[in-house]
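To find a chain, count down the sequence lines: A is the first, B the second, and so on, and within it residues start at 1.
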Amino acid sequence: MAKSGGPAPRAFDHAVHRLVRRIPRGTVATYGQLAALLGDCRAARAVGSAMQRCPHDIPWQRVVNARGGISLRGNVSGMITQRVRLEQEGVQFQRGKVDLARCRWTGPRRHPGR
DNA sequence: TCCGTGACACAAG
DNA sequence: CCTTGTGCCACGG
């Protein structure tokens with residue numbers, strides 16, 4: 001009732017996490033891409049923050065930077081893990097980066113099927 | 001409410 | 001190719 005209206009705290013984070021859940025296996029999405037899908041192509045940085053606080057039951061490894069590389073700054077082991085997990089689901093790396101032209105998620109489809 | 005921080009993106013040197 | 005600087009946004013203290 002009277003309380004509703006304003007966005008609840010961490011609403012953006014939740015939106016990011018839910019979107020990441022929809023990224024198909026074998027494909028990847030960029031921070032900027034997710035931000036754009038959420039309505040703000042300039043919120044890429046916020047997406048990164050949301051990912052740092054993302055639950056472990058989502059395919060977080062499918063989120064990479066605009067260059068198709070892993071951004072995980074200051075987390076070498078996490079970087080390795082992300083790459084391994086992506087390769088395990090079929091994503092190939094070329095020169096340390098993912099071929100976005102080939103593996104980039106096309107975005108959510110309201111009417112799946114063709 | 002203000003301020004600091006950061007898994008970004010982009011341009012320039 | 002790498003480094004640095006700037007702009008944007010949301011979250012947490």
B/S/- along nucleotides 1-13 of chain B (protein heavy atoms under 4.0 Å) is -----BBBSS---
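With A:Gln82 contributing its side chain and A:Val63 its backbone, the two residues share a donor-acceptor pair below 3.5 Å. For the pair A:Arg62 (side chain) and A:Ile23 (backbone), a donor-acceptor distance under 3.5 Å is present. A:Asp40 contributes no side-chain N or O that, together with a main-chain N or O of A:Ala43, makes up a donor-acceptor pair within less than 3.5 Å.
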Using the side-chain contact (heavy atoms from CB on, under 4.5 Å) rule, take A:Arg22 and A:Arg18 through it: C-alpha gap first, then chi angles, then the decisive distance, then the call. CA-CA 7 Å; A:Arg22 304 188 61 167; A:Arg18 303 218 305 175; over 6 Å; no
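Residue contacts for A:Asn75: at a heavy-atom cut-off of 4.0 Å it reaches no nucleic acid atom on any strand shown.
Ion pair A:Arg85/A:Glu89 not flagged as a salt bridge, since none of the NZ, NE, NH1 or NH2 atoms sits closer than 4.0 Å to an Asp/Glu carboxylate oxygen.
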